[in-house]
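Below is one structure, written out as structure tokens; the observations come after it.
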Amino acid sequence: TYAILQEKLNQPKAAEHYYREALKINPKDSRGQQNYASFLCRKGRYQEADVHFNKTLADPLFKNREAISLRAGVCAMEIPDYQSAQKYFAETIRLNPANRVALYQLAKSHFLQNDFATAQSYLRDFEEVSQHTAQSLLLAYRTERGLGNSRIAQSYAKLLNNQFPGSKEAEQLARLN
């Protein structure tokens, strides 16, 4: 659409104008709602974005529900609204139980609420479907420390340092120890 073109040309005011115009013409256009929601999220207008993500997800015929739920969850994490984020990520997992990004984000959201046991559970699910990243190893380390499992935490620290020695996560780990 013309709004997307304006956004790519770094014309956010024009882009927003065209997104709004398109939705005035056809407010039931789920693709338009999704595009506008993504635009709003990129602009840091998370609560407004949430309204449009919900309009997209309310359309039972919209085909890419997994991606939209995931994107809405990531946007909700920026507010931060962990409960909304968890709702979106749970929907993503319902649609695709092997969605590694949603599993990681669920673990992260629970960790950020000091719910270490639930974070640990989602990290174990993540491990079943994906190789660790530097981010997931650091989160696993911090989660195990939060649970008081220092031996397991150290095994994650060792993996992080061995697999991602120059990463920013390895540097963060060094500051934590």
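Computed from heavy atoms alone, side chains included, the values below leave out hydrogens, waters and symmetry copies.
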Could you label the plane-to-plane angle of the His110 and Tyr122 rings as parallel, tilted or perpendicular, counting under 30° as parallel and over 60° as perpendicular? parallel

State the CG-OG distance between Asn96 and Ser69, to the nearest 0.5 angstrom. 11.0 Å

To the nearest 0.5 Å, atom CZ of Arg124 lies from atom OG1 of Thr143 at 10.5 Å

Distance-only polar pair, side chains of Gln86 and Tyr82, donor-acceptor under 3.5 Å: no

Between Leu123 and Glu144, is there a side-chain heavy-atom distance shorter than 4.5 Å? no

Closest non-hydrogen atoms of Cys75 and Tyr46, given as atom of the first, atom of the second and distance, are SG-CD2, 3.4 Å

Got a second to check how far Lys8's NZ is from Asn10's CG, nearest 0.5 Å? 12.0 Å

Check the hydrophobic clustering (I, L, V, M, F, W, Y; side-chain heavy atoms under 4.5 Å; chains of links allowed) and say if Leu57 and Val101 are grouped together. no

Surrounding CD of Glu21 (heavy atoms of other residues, nucleotides or ligands, distance under 6.0 Å), is the total greater than 12? yes

With a sphere of 6.0 Å drawn around CZ of Arg45, does it hold more than 12 non-hydrogen atoms of other residues, nucleotides or ligands? yes

Phe62 side chain near Arg31 side chain, heavy-atom distance below 4.5 Å: yes

Between the side chains of Arg42 and Glu7, is the shortest nitrogen-to-carboxylate-oxygen separation below 4.0 Å, so that they form an ion pair? yes

Taking the side chain from Gln6 and the backbone from Pro12, do they hold a donor-acceptor pair closer than 3.5 Å? no

Search all heavy atoms of Ile93 against all heavy atoms of Asn99 and return the closest pair with its distance. CD1-O, 3.7 Å

Shortest non-hydrogen contact from Ala140 toward His132: CB-CE1, 4.5 Å

Starting from the C-alpha separation in whole Å, work towards a yes-or-no answer on side-chain contact (heavy atoms from CB on, under 4.5 Å) for Leu160 and Ser167. CA-CA 9 Å; Leu160 176 57; Ser167 67; 4.1 Å; yes

Rounded to the nearest 0.5 Å, what's the gap from CD on Glu66 to OG1 on Thr92? Could you check? 6.5 Å

Indicate if Ile152 and Leu137 have the same hydrophobic cluster label, given that clusters are the connected sets of ILVMFWY residues with side-chain heavy-atom separations under 4.5 angstrom. yes

Any salt bridge (charged side-chain N to carboxylate O under 4.0 Å, His left out) pairs touching residues 150-177, not counting sequence neighbours? none

Side-chain heavy atoms of Tyr141 within contact of Leu176, under 4.5 Å: yes

Taking it one step at a time, do Asp50 and Tyr88 satisfy side-chain contact (heavy atoms from CB on, under 4.5 Å)? CA-CA 11 Å; Asp50 192 57; Tyr88 288 124; 2.5 Å; yes

Let me confirm one number: the CG-OG distance from Asn54 to Ser84, rounded to the nearest 0.5 Å. 8.0 Å

Test log, rule side-chain contact (heavy atoms from CB on, under 4.5 Å), inputs Met77 and Ser109: CA-CA 7 Å; Met77 288 288 284; Ser109 68; 3.6 Å; yes

Are Ser38 and Arg71 close enough, and set up right, to give a side chain to side chain donor-acceptor pair (under 3.5 Å), and what steps lead you there? CA-CA 8 Å; Ser38 296; Arg71 193 170 298 145; 3.3 Å; yes

Does a side chain donor of either Gln34 or His52 reach within less than 3.5 Å of an acceptor in the other side chain? no

Minimal heavy-atom distance between Pro97 and Leu103, with the atoms involved, is O-CD1, 3.8 Å

Are Tyr18 and Leu5 connected in the hydrophobic side-chain network, where two residues link if heavy atoms are under 4.5 Å apart? yes

So Leu138 and Phe164, side-chain contact (heavy atoms from CB on, under 4.5 Å) or not? Walk me through it. CA-CA 11 Å; Leu138 181 60; Phe164 306 97; over 6 Å; no

What is the minimum heavy-atom distance between Gly73 and Ala85, and which atoms define it? O-CB, 3.5 Å

Angle class for the Phe39/Tyr19 ring planes (parallel below 30°, perpendicular above 60°, tilted otherwise)? tilted

Side chains of Tyr36 and Glu16: is there a donor and an acceptor less than 3.5 Å apart? yes

Within the 4.5 Å heavy-atom criterion, are Lys55 and Ser30 side-chain neighbours or not? no

Pairing donors with acceptors under 3.5 angstrom, does anything connect the side chains of Tyr104 and Asp125? no

Would you say Thr118's side chain and Asp115's backbone share a donor-acceptor pair under 3.5 angstrom? no

Look at the side-chain heavy atoms of Ile, Leu, Val, Met, Phe, Trp and Tyr, link any pair under 4.5 Å apart, and say whether Leu106 and Leu70 land in one connected group. yes

If you define the side chain from C-beta out and look only at heavy atoms, does anything of Asp59 sit under 4.5 Å from Lys28? no

For Cys41 and Ala49, work out which heavy atoms get closest and say how close. N-CB, 3.7 Å

Roughly how far, to the nearest 0.5 Å, is the CG atom of Leu139 from the CG atom of Leu112? 8.0 Å

Spell out, yes or no, whether Val74 and Phe126 are grouped together once hydrophobic residues are joined by side-chain heavy atoms under 4.5 Å, including indirect joins. yes

